[in-house]
*Asks:* 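Got a structure for you, questions after.
What's counted below: heavy atoms across the whole structure, side chains too, no hydrogens, waters or symmetry copies.
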Amino acid sequence: MAQPPWYLDRAEHARMLRKVVHTPPPPDVTVQGPCWIWQGEKMPNGYGKHAVKGKRIRAVHRVMWEAYNGREVPEGLQLDHLCHTRSCCSPIHLEPVTPSVNTERQDHYNRGKTHCPHGHEYTEANTQVGKDGKRRCRTCKAERRAST
């Protein structure tokens with residue numbers, strides 16, 4: 001009988017856990033337990049990657065969450081690292097959320113910006129938030145439309 005896509009047998013699970021080091025979470029976050037820092041190969045964006053069963057390359061945090069929760073990450077959702085550590089794969093530090101919530105929670109340098117690149121203030125009336133969670137200046141959008 002074929003196993004579900006999220007299933008890890010004991011040998012595969014043990015192989016993955018050998019590449020994990022437990023460290024305290026960052027001091028500015030409140031999460032249960034230590035971070036499980038992936039010591040294996042990483043993607044350019046800092047997330048751990050692993051060839052599950054020697055085949056398909058997958059993000060380690062997704063593999064771990066799915067294995068520990070016994071199901072796939074629900075369609076349309078992303079896993080948010082509550083510890084803000086991309087290389088962490090602790091299942092209890094991961095929460096399935098919508099892409100916009102995940103972006104909203106990020107401690108991203110763009111969040112502190114008060115004006116768009118063209119100097120228009122980001123106010124509620126002048127700001128549009130896209131499906132990707134990014135802010136867009138309505139004044140700039142109107143100016144682009146007017147120039148075409």
Side-chain angles (χ1 to χ4, degrees), residues 3-9 12-142 144-145:
Q3 298 292 344
W6 50 262
Y7 178 78
L8 284 182
D9 61 35
E12 185 74 18
H13 187 241
R15 192 166 75 100
M16 290 184 76
L17 287 178
R18 283 194 296 270
K19 296 180 183 178
V20 169
V21 172
H22 296 128
T23 64
D28 58 331
V29 295
T30 307
V31 290
Q32 290 184 334
C35 284
W36 296 10
I37 304 299
W38 181 251
Q39 300 296 302
E41 239 184 302
K42 292 188 177 103
M43 297 181 219
N45 60 9
Y47 293 105
K49 70 178 182 177
H50 180 70
V52 177
K53 298 177 181 123
K55 298 178 184 174
R56 192 171 132 216
I57 300 288
R58 297 203 52 221
V60 171
H61 65 286
R62 290 182 68 91
V63 173
M64 289 294 203
W65 187 91
E66 290 174 351
Y68 277 80
N69 287 282
R71 61 190 174 109
E72 292 184 71
V73 175
E75 191 170 333
L77 299 183
Q78 300 174 345
L79 293 177
D80 179 27
H81 285 79
L82 302 175
C83 60
H84 305 292
T85 306
R86 286 183 177 196
S87 59
C88 178
C89 58
S90 170
I92 62 172
H93 289 193
L94 300 167
E95 179 185 11
V97 296
T98 62
S100 60
V101 168
N102 197 15
T103 302
E104 196 175 285
R105 289 180 176 178
Q106 289 176 358
D107 184 21
H108 199 272
Y109 72 95
N110 281 330
R111 294 263 168 249
K113 292 183 180 177
T114 59
H115 291 73
C116 80
H118 297 282
H120 307 119
E121 188 175 7
Y122 282 129
T123 62
E124 193 172 325
N126 190 42
T127 307
Q128 179 181 17
V129 180
K131 289 181 182 176
D132 58 3
K134 293 181 181 176
R135 295 182 295 179
R136 291 175 177 79
C137 175
R138 291 180 191 269
T139 303
C140 286
K141 185 176 178 180
R144 278 192 304 276
R145 282 188 179 158

*Asks:* E72: which residues meet the salt bridge (Lys or Arg N to Asp or Glu O under 4.0 Å) condition with it, sequence neighbours left out?
*Replies:* none

*Asks:* Not counting sequence neighbours, which residues clear side-chain contact (heavy atoms from CB on, under 4.5 Å) with T139? List them please.
*Replies:* H120, N126, C137, E143

*Asks:* Under the rule for ring pair (Phe, Tyr, Trp, His ring centres under 6.0 Å), what residues qualify as partners of H13, not counting sequence neighbours?
*Replies:* Y68

*Asks:* Do L77 and V97 have side chains that get closer than 4.5 Å, going by heavy atoms?
*Replies:*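 With C-beta onward as the side chain, the pair stays apart.
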
*Asks:* Under the side-chain contact (heavy atoms from CB on, under 4.5 Å) rule, collect the residues that match up with R144, sequence neighbours excluded.
*Replies:*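 Partners of R144 by the side-chain contact (heavy atoms from CB on, under 4.5 Å) criterion, ordered by chain and then number, come out as C140, K141.
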
*Asks:* Heavy-atom count check: over 12 atoms from other residues, nucleotides or ligands less than 6.0 Å from Q32 CD?
*Replies:*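 Check fails, neighbour count at 12 or below.
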
*Asks:* Can you list the residues that meet the ring pair (Phe, Tyr, Trp, His ring centres under 6.0 Å) rule with H93, with sequence neighbours excluded?
*Replies:* none

*Asks:* Less than 4.5 Å apart, any side-chain heavy atom of M64 and any of L17?
*Replies:*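 M64 reaches L17 side chain to side chain.
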
*Asks:* Report the distance from atom CD1 of I37 to atom SG of C83, rounding to the nearest 0.5 Å.
*Replies:* 6.5 Å

*Asks:* May I ask you to test the P25-C35 pair for a side-chain heavy-atom distance under 4.5 Å?
*Replies:*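 Touching, per the 4.5 Å side-chain cut-off.
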
*Asks:* How close do S87 and K42 get, heavy atom to heavy atom, and via which atoms?
*Replies:*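 Closest approach of S87 to K42, heavy atoms only: CB-CE, 3.5 Å.
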
*Asks:* By ring pair (Phe, Tyr, Trp, His ring centres under 6.0 Å), which residues pair with H50, not counting sequence neighbours?
*Replies:* W38

*Asks:* Mind checking ring pair (Phe, Tyr, Trp, His ring centres under 6.0 Å) for H22 and listing every partner two or more places apart, or none if nothing turns up?
*Replies:* W36

*Asks:* Could you pull out the closest heavy-atom pair between W65 and P96, with the gap in Å?
*Replies:* CZ2-CG, 3.4 Å

*Asks:* For residues 57-68, which residue pairs pass the salt bridge (Lys or Arg N to Asp or Glu O under 4.0 Å) check, not counting sequence neighbours?
*Replies:*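 As it turns out, the salt bridge (Lys or Arg N to Asp or Glu O under 4.0 Å) pairs with a partner in residues 57-68, which skip direct neighbours, are R58-E66.
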
*Asks:* Under a 4.5 Å cut-off applied to non-hydrogen side-chain atoms, are R136 and T127 in contact?
*Replies:*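 Contact flag for R136/T127 side chains = no.
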
*Asks:* Which salt bridge (Lys or Arg N to Asp or Glu O under 4.0 Å) pairs, counting each pair once, include a residue from residues 80-101, with sequence neighbours left out?
*Replies:* D80-R105, E95-R105

*Asks:* What residues, two or more places apart in sequence or in another chain, satisfy salt bridge (Lys or Arg N to Asp or Glu O under 4.0 Å) together with R71?
*Replies:*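 Listed in chain order: nothing, the list is empty.
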
*Asks:* So, using side-chain contact (heavy atoms from CB on, under 4.5 Å) as the criterion, who are the partners of A67 when residues are at least two apart?
*Replies:* L8

*Asks:* Can you name the salt bridge (Lys or Arg N to Asp or Glu O under 4.0 Å) partners of R138, sequence neighbours left out?
*Replies:* none

*Asks:* Flag the pair V20 / C89 as yes when at least one side-chain heavy-atom distance between them is below 4.5 Å, and no otherwise.
*Replies:*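 A side-chain contact under 4.5 Å exists here.
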
